[in-house]
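Remarks on the structure that follows.
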2 protein chains.
Amino acid sequence: MSRTTRQRSALAELLARTPEFRSAQQIHAMLGEEGEPVSLATVYRNLNALAENGEVDVLATEGGESRYRRCVRTEHHHHLVCRRCGHTVEVAETSVERWAAQTARRHGFSEVSHEIELHGICDTCRSGS
Amino acid sequence: MSRTTRQRSALAELLARTPEFRSAQQIHAMLGEEGEPVSLATVYRNLNALAENGEVDVLATEGGESRYRRCVRTEHHHHLVCRRCGHTVEVAETSVERWAAQTARRHGFSEVSHEIELHGICDTCRSGS
DNA sequence: TTGATTGCAAAGTGTTTGCAACTAG
DNA sequence: CTAGTTGCAAACACTTTGCAATCAA
């Protein structure tokens, strides 16, 4: 019921080494550049399947676009992104996780997940320009 | 530079008495049913203007659809959203703000802003199904 | 062989935009 | 009067789907 195709392997391989969220379109482009062309429709079909299976996380963006990332079950972390150059630092914090869980419980919510993104201007950009 | 039109008043009035997030399409339909027809384009244009002005909150949903609601709190706050029904609670927390600022500084970032969204299943939905 | 999977192009979303007509101030 | 607004329809961006060709098992 589930076959191993070139397209699927290429997608899985790309996701495996991409820690950040990427849109389906970005993934489609990246695969093409790497000489592993996969049609956009197939990218969508497989990402949706993976998402349903809980193997990738999906994030809705303001632009009405979905972004996908392999599910990192082990260590949860967040991103600190430079507005200007895109430089990204991964930060892990347990106090926030605890706050999120508590807040949710206090309001009667269960199965809580949270997305946090910090944006700023990094050191280099501030001195540089 | 900003005029008071029938359409704008109708929209403002509707938002004023609607506490939950609604999509632009829903708002468009509601206005029509109330005998205050406003074109979809105008609904979008005005909602975007209000959002830019900080008078309504915008929320991106999984379906790639934006939902709007009049801004209740004036202070900075975050959202706790039910994945299933969209029921939303606004939460304010200072500890997180502090954490964000500290973390950013520690990594040499300045002018930091942060976006946080909590997602879960609300009480009603859990008991319901 | 044969049913799952793919690519293509067409169709579907939700949202934005160009433009002529309209209207509040 | 006249610049801000509106409605319409066309344009957009992202995503899904029908279908015939392809390919893993």
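Below, chain A is the first sequence line, B the second, and so on; all start at residue 1. Owing to the predicted nature of the structure, the values given are computational and were not obtained by experimental measurement.
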When the distance from [atom1] of [X] to [atom2] of [N] is rounded to whole Å, what number comes out?
{"X": "B/L40", "N": "D/dC8", "atom1": "CG", "atom2": "P", "value": "11 Å"}
{"X": "B/Y44", "N": "D/dA11", "atom1": "OH", "atom2": "P", "value": "19 Å"}
{"X": "B/H28", "N": "C/dT15", "atom1": "NE2", "atom2": "C1'", "value": "13 Å"}
{"X": "A/R67", "N": "D/dA13", "atom1": "CZ", "atom2": "P", "value": "18 Å"}
{"X": "B/N48", "N": "D/dG4", "atom1": "CG", "atom2": "P", "value": "19 Å"}
{"X": "B/E36", "N": "D/dG7", "atom1": "CD", "atom2": "P", "value": "11 Å"}
{"X": "B/R6", "N": "C/dG25", "atom1": "CZ", "atom2": "P", "value": "14 Å"}
{"X": "B/N46", "N": "C/dT15", "atom1": "CG", "atom2": "P", "value": "15 Å"}

Which of these nucleotides, [options], is closest to any side-chain atom of [X]?
{"X": "B/T42", "options": "C/dT17, D/dT6, C/dG7", "value": "D/dT6"}
{"X": "A/T5", "options": "C/dT5, D/dT6, D/dC14", "value": "C/dT5"}
{"X": "A/R8", "options": "C/dT16, C/dT15, C/dT6", "value": "C/dT6"}
{"X": "B/T4", "options": "C/dG25, D/dG7, D/dT17", "value": "C/dG25"}
{"X": "B/V38", "options": "C/dT6, D/dG7, C/dT15", "value": "D/dG7"}
{"X": "B/S2", "options": "D/dT5, C/dT5, D/dC14", "value": "D/dT5"}

Fill in: Presence of donor-acceptor pair under 3.5 Å, side chain of A/R45 and base of C/dG7
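Between C/dG7 and A/R45, which were checked side chain against base, a qualifying N/O pair under 3.5 Å is present.
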
Discussion item. Between C/dT23 and B/R3, counting only base atoms on the nucleotide and side-chain atoms on the residue, is there a donor-acceptor pair under 3.5 Å?
Written reply: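 Such a pair is found, so the answer is yes.
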
Discussion item. Using only atom types and a distance under 3.5 Å, with no angle test, would you say the side chain of B/R70 pairs donor to acceptor with the backbone of B/A12?
Written reply: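 Checked: no pair found.
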
Worksheet entry | Check: A/N46 main-chain N/O paired with A/R8 side-chain donor or acceptor under 3.5 Å |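 Absent.
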
Discussion item. With a cut-off of less than 4.0 Å, is there a side-chain N or O of A/Q7 near OP1 or OP2 of C/dG7?
Written reply: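 Indeed, a polar side-chain atom of A/Q7 lies that close.
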
Worksheet entry | Nearest heavy atoms of A/L11 and A/L31, plus distance in Å |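 Looks like N-CD2, 4.3 Å.
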
Practice prompt. Compare every heavy atom of A/V58 with every heavy atom of A/F21, then report the nearest pair and how far apart it is.
Written response: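 Looking at all heavy atoms of both residues, the shortest contact is CE2-C, 4.4 Å.
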
Worksheet item: What's the spacing between B/L40 CG and B/Q25 CD if we round to 0.5 Å?
Response: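 So the CG of B/L40 and the CD of B/Q25 are separated by 5.0 Å.
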
